[in-house]
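Structure first, then comments.
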Amino acid sequence: ILARPLFRGPSSLEIRGSQRRLSRRDLRELSMASAKVEVTAAELAAPANGASSARAPAEAWDPEVVEPQAELKRASSLERAGTLMLRASSNLGLQRANTLPTEPTQLQHAATMPIMFDQEADRPWCGGLWKTQQLVGFVLGVGMAVALTCARPISQYPQANLMLAMTALCASFWVFEVIPLFITALFPIMLLPLLKISSSDIVAQAYWNWISLLVIDVCILSIALEKVGVARRVALKILLKVGVKHPGPMLVSFMGLGWLLSALVNCIAIPLLLTPLVVGLMQVAEEHVRNEHADAEAAEEGVDKAGLEQRLRKVQRLADCLLLGVAYSSTAGGLATLTGTMPHFFLAGETMIAGQVTWTSWLIFGLPISAATCLLAFGLLWLRYIRGMVVEGLDATVLHGEYETLVAELGKCSRDEVVIGLMQLLQVALMIIRPFAISPYLTSPYGDKFVNDATVAALPAVLLFFIPSVTRPGQALLTWPDFQKKFDFGLLLLIGGALAISSGFKQSGLNAALGDAIARAIPHVHPLALNILIVVSVALCSQVFSSVGTAAAMLPVLESAALMSVVNPLSLILPAMVGTSFAFLLPTATPSNVIVLALSQDLMRALRVRDFFTNGWPLTAAACLLGAVLSHVMGWAVFDSSSPFPSWACEASPGECMFVDVPGIVQGRFVSAQACIIDLSRSSDGGLCRLWNGTALSTEAYVGM
């Protein structure tokens, strides 16, 4: 049964909408079960045939019997060795497709915590709870925390040593996923008050702020889009228009849709919607090729087995190309907007620059970089996989069958889909026009703005609960149980933990200590070279430590480095944020990579680590160079990031910075007033401040000005 296709022709299209197809893991379990049944049947049949468990003494040695048994033993040993090697590789972080879950809710968590959701790795530590690398993370984190607490390497700021120890503990637990990331994010609220770094009230404020509300507003729309299947319907409509005979238009369709929707929604939800469609189409193509071969074999026509393997390899190459295209385009699309990827929420929450980086300004800044990265990914995949290829096993009939399956599941395009799509566009439009069409007209008598992106994003999200559904009478377009089931509240803890650590950096003085060390090198590096250095460093860290962990650790350090070196903080933070989206090298580096890796196991050959590595390293290298140049140019054009340290950054750092009326040349520009960074070391005790050129001034002369 397993040797021949289970389904033929259009019949497979009729069942794929209601049944999950057999994955490689399912087939392996079926094979093991059938082997056990055969062994049991042989044991039951042996007594009936008069066979004895022991060989008769007169029986001669038969090599034809013994040698196959020896082969089986050798094969069994090889299989066991192979299993041990695979488990060992999983313990070293080389994630495989069949170790990840495919159930949507679990896969959404696995996208950010692949180690925690590795289903087949050995877990010999902590009563079967930890893999070896998790034990390493625990020992490393606790060891660094104890060592830093005892050694106290920072003498000027005593509390900074405790803050550094807690940061090392959290970073190690985040990188090695010792416990769920969201629970590690609660460490600051536990430890900062106990270590007398900050009060519980101040730390708790980081866990619930306007960034948390913005996350909820955006996720409400993304959950509604997922519920009505808009992305799948749009993808099939586009494919029906462009056709599937040539793979180039197919790749353009999937990558274009993944890029656009990830920018508007986020880079986790969209791969979850598009990848099953790619997998389903490739399964049909594999079946079609095998069925044609089986029909030719049954008709006793000339059957070329090598030709079958070649056609199947072509289908596998197309599947690899489309899956990698969805992953790379989703990651690139998330770079385009402030709500497209998780690290950008950390950026919006940084107090020093929060008022300058809006949804609109980031869109103008990030869109060219995002589009260029997506085009680089498309060019690489086209050259490596589909140049000159003709698609095997797919035609218009297949697409029409897929669309009929979609209609059978969700019905024809309804008013619900149209209204939810319009609400998504309304949310984007409101965030675009808010800085110049809404906020300037809603201000306090002192000029403070009342409205930010969280307020305008909430309007279309709330409307979904007022508008009745036509497909589900008696219910709104989105119900609270649907939202509660799909929304990952752990994201709020993760963002809050990162912002709490950033707050602890400032209150302990750790930001000044680390920033001062980095600041010494900044004036001696050309701005473009500095951009390249930051992008490459952050991108390499994101490959190993994940973009979330890298952003959480790097943002407060770079902000402090900008303050200590008296340079515009955006000149350091913008390229760092761009670098977090260039993690294409490993399958677990970004959520998009994890999702396509996990769902690819439903194909006859899943994606492999080398597929990501061989395509990821040239893409990462090219994206880093191009992204560094574009971030330098767009930062200057949109934010004027090459300007001297601005007054708004000084106002956002009370007690650390004074803006004094001292004219002079700063970074090649003449200014009438400039920032003066207060020296908080014990020797100065806040009595002196330092200009960009190193001149020291007495703070008493400028107090009250």
Side-chain angles (χ1 to χ4, degrees), residues 93-95 111-112 114 175 251 255 258-259 262-263 267-268 271 320-336 340-344 366-385 528-551 553-554 558 572-597 600 607-634:
L94 301 179
Q95 206 82 32
T112 52
V175 170
L251 183 60
M255 291 190 68
W259 176 79
S262 294
C267 63
I268 296 179
D320 293 348
C321 177
L322 294 180
L323 289 172
L324 291 172
V326 169
Y328 292 161
S329 62
S330 299
T331 301
L335 172 60
T341 185
M342 181 64 65
H344 292 177
L367 189 62
I369 306 172
S370 172
T373 304
C374 190
L375 290 175
L376 281 175
F378 171 79
L380 173 71
L381 295 175
W382 184 82
L383 289 173
R384 290 183 63 90
Y385 285 98
L528 180 57
L530 183 62
N531 259 42
I532 296 174
L533 178 62
I534 293 175
V535 170
V536 172
S537 301
V538 172
L540 291 177
C541 290
S542 298
Q543 312 289 346
V544 180
F545 304 143
S546 83
S547 58
V548 173
T550 302
M554 293 295 292
L558 291 176
L572 305 183
I573 292 176
L574 292 178
M577 284 294 99
V578 170
T580 59
S581 294
F582 291 158
F584 303 110
L585 197 59
L586 296 176
T588 55
T590 64
S592 303
N593 288 4
V594 174
I595 291 169
V596 299
L597 175 70
S600 71
L607 285 172
R608 301 156 296 182
V609 174
R610 69 181 182 187
D611 294 324
F612 286 94
F613 187 82
T614 55
N615 294 286
W617 76 261
L619 177 58
T620 300
C624 284
L625 293 177
L626 183 60
V629 174
L630 287 178
S631 65
H632 181 69
V633 174
M634 296 306 300

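Predicted model, so just to flag it, every value in this text is computed and none were measured.
Remark: the backbone N or O of Ala327 is not paired with any side-chain donor or acceptor of Ser330 at under 3.5 angstrom. Formation of a donor-acceptor pair under 3.5 Å by the Gln543 side chain with backbone atoms of Phe582 is found in this model. Using modelled atom types, one side-chain atom of Ser631 and one backbone atom of Ala628 make a donor-acceptor pair closer than 3.5 Å.
Val326 has its side chain out of reach of Ser592: every pair of non-hydrogen atoms, C-beta onward, lies at least 4.5 Å apart. Residues Pro368 and Met634 are in side-chain contact: their nearest non-hydrogen atoms beyond the backbone lie under 4.5 Å apart. By the 4.5 Å heavy-atom criterion applied to side chains, Ile573 and Met554 are not counted as neighbours. The closest side-chain heavy-atom distance from Phe612 to Val596 is below 4.5 Å. Residues Leu585 and Leu540 fail the side-chain proximity criterion, which asks for heavy atoms closer than 4.5 Å.
The ring pair (Phe, Tyr, Trp, His ring centres under 6.0 Å) search around Phe584 returns Tyr328, not counting sequence neighbours. Residues forming a side-chain hydrogen bond (donor to acceptor under 3.5 Å, both in side chains) with Ser542 (at least two apart in sequence, or on another chain): none. Remark: Ala621 engages no residue in a side chain to side chain contact (heavy atoms under 4.5 Å, CB included) (not counting sequence neighbours). With sequence neighbours excluded, the residues forming a side chain to side chain contact (heavy atoms under 4.5 Å, CB included) with Thr341 are Cys267, Pro343, His344, Ser581, listed by chain and number.
The two atoms that bring Leu558 and Ala576 nearest to each other are CD1-CB, 3.4 Å, heavy atoms only. Taking both residues in full, the closest heavy atoms of Asn531 and Pro575 are given as OD1-CG, 3.7 Å, listed atom of the first, atom of the second, then distance. Here the closest heavy-atom approach between residue Ile268 and residue Pro591 is recorded as CG1-CB, 3.6 Å.
Counting only residues at least two apart or in different chains, side-chain hydrogen bond (donor to acceptor under 3.5 Å, both in side chains) contacts with residues 615-628 comprise Arg384-Asn615, Tyr385-Asn615. Residue pairs meeting the salt bridge (Lys or Arg N to Asp or Glu O under 4.0 Å) criterion with at least one partner in residues 532-549, sequence neighbours excluded, are absent.
Shown are Ile595, Leu597, Thr590; of these, the side-chain contact (heavy atoms from CB on, under 4.5 Å) with Asn593 is made only by Thr590.
If you take CG on Leu533 and CG on Leu572, they are separated by 10.5 Å, rounding to the nearest 0.5 Å. Leu619 contributes atom CG, which lies 9.0 Å from atom SG of Cys624 (distance to the nearest 0.5 angstrom). From Leu335, atom CG reaches atom OG1 of Thr580 across 7.5 Å, with rounding to the nearest 0.5 Å.
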Compile the donor-acceptor pairs under 3.5 Å between side chains in residues 369-377 and protein atoms, sequence neighbours left out, one pair per line.
from: Ser370; atom 1: OG; to: Trp259; atom 2: NE1; distance (Å): 2.6
from: Ser370; atom 1: OG; to: Ala332; atom 2: O; distance (Å): 2.4
from: Thr373; atom 1: OG1; to: Ile369; atom 2: O; distance (Å): 2.8

| Taking it one step at a time, do Leu381 and Met255 satisfy side chain to side chain contact (heavy atoms under 4.5 Å, CB included)? | CA-CA 11 Å; Leu381 295 175; Met255 291 190 68; 4.2 Å; yes
| task | Step by step, work out the side chain to side chain contact (heavy atoms under 4.5 Å, CB included) result for Leu323 and Asp611. | result | CA-CA 11 Å; Leu323 289 172; Asp611 294 324; over 6 Å; no
